[in-house]
Amino acid sequence: MNLMSAISITLVILTCLTTTSQSRHQAFYYHYQNQKDAASTDQKTKTRHPLDKPNIIVFLADDMGYGDLASYGHPSQEPGPIDTLAHEGIRFTRWYSADSFCSPSRAAIMTGRLPIRVGVYGPQNGERVFLVRQTEGLPKKEVTIAEALKDSGYATGMVGKWHLGINEFNHTDGNHLPIHHGFDYVGTNLPWTNHWMCDESKIHMQHPNPLLCFLYYNTTLIQQPFSHHNLTWSLTYDAKSFIYEHSHHPFFMYFSFAHMHTDMFAAPEFQLSSRRGRYGDNLNEMSAAVGDIINLLKELNIEKNTLVLFLSDHGPHIELCTEGGSAGMLRGGKGSNWEGALRVPAIAWWPEMITPGQISGDVISSMDIFATAIDLAGGHMPKDRIVDGRSFKSLLLHKETLPERTLFHYCSNRLMAITYGSYRVHFHTHLQLSPESYGHVCASDGTPKFTFYHCAFCVGECITSHNPPLIFNLDVDPGELYPLDAEDLGWLLAAVNRIVSVHRTNMVRGTPLLHSMSKSLQPCCNPPYCMCNYMRK
């Protein structure tokens, strides 16, 4: 068979598959329209008490900075439904990610544990995320938030970015995908990530790279390379379908956006919608998707039974000029351990259960979602392992101030810094340049010419070690501009040394997972071409 014959046969197959997918999509639409009508009627007579196993939705943005939302002070970003959540709920001002890269920060959300305990780290001079051909993934021995909530009677669903492993033995086994970690339903998803090399706009490259840009439905590869124009719509549609299906019973939905990770994309109706430019267009599309889900909750009369959390996985990729996001007045960004890398925007919304218009300065970690969800569900925390997160249920429901705590900030397996009350204590820091220093990367209109990280490794010339450590009072100096004199803070250093000593003594590191790869694990829908489109339209 020659190449043209193979291509012709492939096109016929794809046409049939696409047609079948469209028919199935129409069937889904009519089914869920009926489900919605029935749910709207039944909910008038069957409403759970809000604290009786409340539904939980976690919206996770990708690479969005502390200063990107209008409600967090961005001067030119249009306010949208996400900002409405902030006005009607709690806006957190000291919410921290457990890591400044995608895979470890997401592992921490899923398990409530530091990435170093889970094993989501690699060599200090190597990769810090799961790559496409990685043989490992989130260990199945870990208890995920989905598994814990299933044990409490919840239906569990997920759409969007995963980035916690794909295949283990061959290019189609999907052994590390979310279906194997407690999610009953997995809709349209990015097993890896949206990437600079997925650009369809031709601003950064002529064609997407199909080996890096692929879309799944559950464990099936449906589009390679994937198209951005209806990506957010597909994620939203699948999330709404899951909510329709489970509106009578407790559910957990993990909605993990492809926004705001480079490359930038927005559906046609959101292009040129923001005076901020492409980044603002992206954010407006994401915010509208959040609004669609909130409207659905209200339509089904279950908003009072649903806790909604919105947050970013970590800070912005600030090297990418106007397409990298903003940390506001905070120093640093993605890949570092400065405040701008770890402090993220976070919002909690729960009508009649959360008093509107609150601003919380309590120190919260993304790892706390795990314990809080289990607490609200009336479940039980794992007893056979250390869980680093803690419940903030009392803060949500009763405005209680949480006890002070210490957060440990790692780069791979190297302890870089801790947050101790209002103080940040740095043992090692990443070299951080001013935005003007990245001028050679940016075109005159602020568009990045290429993608890079100035300092992403955990050792090397761009890392500075500090003895005594570098100390900032984050209440007075959240931008970490004015280090305090360590000689005047003997009491603080003594307390920090005790805490770190105990932490190191009790730390049991997971086996490092970010090192082994195999070409045989490359996702590919129709080898050797790796190009297909089974996506519903």
Side-chain angles (χ1 to χ4, degrees), residues 58-69 72 74 77 82 95-109 115 127-131 160-164 190 192-199 204 212-213 228 231-232 235 255-266 274 276-287 289-290 310-328 330-347 366 411 430 432 435 438 441-442 446-448 450-456:
V58 175
F59 290 111
L60 188 67
D62 194 2
D63 287 16
M64 190 174 77
Y66 185 83
D68 275 322
L69 289 168
Y72 277 79
H74 197 283
Q77 180 64 52
I82 296 173
W95 185 299
Y96 289 96
S97 172
D99 198 276
S100 60
F101 266 109
C102 298
S103 295
S105 66
R106 291 158 188 268
I109 291 172
E127 292 295 338
R128 294 175 60 186
V129 299
F130 287 110
L131 299 180
K161 175 174 171 174
W162 177 239
H163 209 171
L164 288 171
L190 294 164
W192 194 47
T193 188
N194 184 38
H195 192 273
W196 174 273
M197 297 190 74
C198 300
D199 178 32
H204 300 305
L212 298 178
C213 310
H228 293 89
L231 176 58
T232 304
L235 303 184
F255 192 137
S256 178
F257 284 98
H259 295 304
M260 301 295 301
H261 197 292
T262 184
D263 72 291
M264 295 285 101
F265 72 94
S274 176
R276 187 179 174 185
R278 295 183 76 210
Y279 194 96
D281 294 345
N282 279 235
L283 207 159
N284 285 344
E285 181 179 46
M286 178 173 65
S287 193
V290 170
F310 176 90
L311 65 148
S312 180
D313 60 347
H314 50 68
H317 192 167
I318 57 176
E319 290 90 343
L320 296 185
C321 316
T322 58
E323 295 186 5
S326 170
L330 306 179
R331 185 173 182 177
K334 179 179 179 180
S336 75
N337 283 93
W338 294 106
E339 193 76 354
L342 298 171
R343 191 189 296 209
V344 296
I347 296 163
S366 295
C411 180
H430 291 78
Q432 184 59 52
Y438 300 126
V441 181
C442 309
T447 302
F450 54 88
T451 182
F452 78 109
Y453 296 98
H454 177 72
C455 180

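None of the values given here were measured: they were computed from a predicted structure.
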(Q) Taking Y66's backbone N and O only, do any of them form a donor-acceptor pair with H74's side chain (distance below 3.5 Å, no angle check)? (A) no

Q: Enter the distance from D199:CG to T451:OG1 here, rounded to the nearest 0.5 Å.
A: 11.5 Å

Q. Looking at P104 and P115, what are the two nearest heavy atoms and their distance?
A. O-CG, 3.3 Å

(Q) Ignoring hydrogens, what is the shortest heavy-atom contact between S287 and I82? Give both atom names and the distance. (A) OG-N, 3.0 Å

Q. Quick one: are V441 and E319 in side-chain contact, heavy atoms under 4.5 Å?
A. no

**Q.** Distance (rounded to the nearest 0.5 Å) between T322 OG1 and M264 CE
**A.** 9.0 Å

(Q) Nearest 0.5 Å, please: how far is CH2 in W162 from CZ in R106? (A) 10.0 Å

(Q) Measuring from atom CG of D313 to atom OG of S256, what distance do you get when rounded to the nearest 0.5 angstrom? (A) 7.5 Å

Q: Run the numbers on T232 and H259 for side-chain hydrogen bond (donor to acceptor under 3.5 Å, both in side chains), then give the verdict.
A: CA-CA 9 Å; T232 304; H259 295 304; 3.3 Å; yes

(Q) Tell me the closest heavy-atom pair linking G325 and P316, and the distance in Å. (A) C-CB, 3.7 Å

Q: Please identify each residue that fulfils side chain to side chain donor-acceptor pair (under 3.5 Å) with D68, with sequence neighbours left out.
A: R276, Y279

Q. For S97 and S366, which heavy atoms make the closest approach, and how far apart are they?
A. CA-OG, 3.9 Å

Q: Answer yes or no: is there a side-chain heavy-atom contact under 4.5 Å between P345 and W95?
A: no

Q: Would you give the length of the straight line joining atom OG1 of T262 to atom CG of D63, rounded to the nearest 0.5 angstrom?
A: 8.5 Å

Q: Kindly give the heavy-atom pair with the smallest separation between S274 and N284, and that separation in Å.
A: CB-ND2, 3.5 Å

(Q) Quick check for you: to the nearest 0.5 Å, what is the distance between L320 atom CG and H261 atom NE2? (A) 9.0 Å

Q.
Are Q432 and C455 packed together at the side-chain level, in the sense that at least one heavy-atom pair is separated by less than 4.5 angstrom?
A. no

Q) How are the rings of W192 and H195 set relative to one another: parallel (under 30°), tilted (30 to 60°) or perpendicular (over 60°)? A) parallel

Q. Parallel, tilted or perpendicular: which describes the rings of F265 and H228, with under 30° parallel and over 60° perpendicular?
A. tilted

Q.
Do Q77 and L69 have side chains that approach each other closer than 4.5 Å (heavy atoms only, starting at C-beta)?
A. no

Q: Indicate the ring-plane relationship of F310 and F59, choosing parallel, tilted or perpendicular according to the 30° and 60° boundaries.
A: tilted

Q. Would you say the side chain of S100 lies within less than 4.5 Å of the side chain of R128, judging by non-hydrogen atoms?
A. yes

Q: Determine the minimum heavy-atom distance between A98 and A108, stating which atoms define it.
A: CB-CB, 3.4 Å

(Q) Holding to side chain to side chain donor-acceptor pair (under 3.5 Å), I want the full list of residues that pass it with E323, two or more places apart in sequence or in another chain. (A) H204, R278

Q.
Has S336 got a side-chain atom pairing as donor or acceptor with H430's backbone, closer than 3.5 angstrom?
A. no

Q.
The test is side-chain contact (heavy atoms from CB on, under 4.5 Å); show your working for L330 and W338 and say whether it passes.
A. CA-CA 8 Å; L330 306 179; W338 294 106; over 6 Å; no

Q.
Could you tell me if the side chain of F257 sits less than 4.5 Å from the side chain of D62, heavy atoms only?
A. no

(Q) Contact between H163 and V129 at the side-chain level, heavy atoms closer than 4.5 Å - yes or no? (A) yes

(Q) Are L60 and L311 packed together at the side-chain level, in the sense that at least one heavy-atom pair is separated by less than 4.5 angstrom? (A) yes

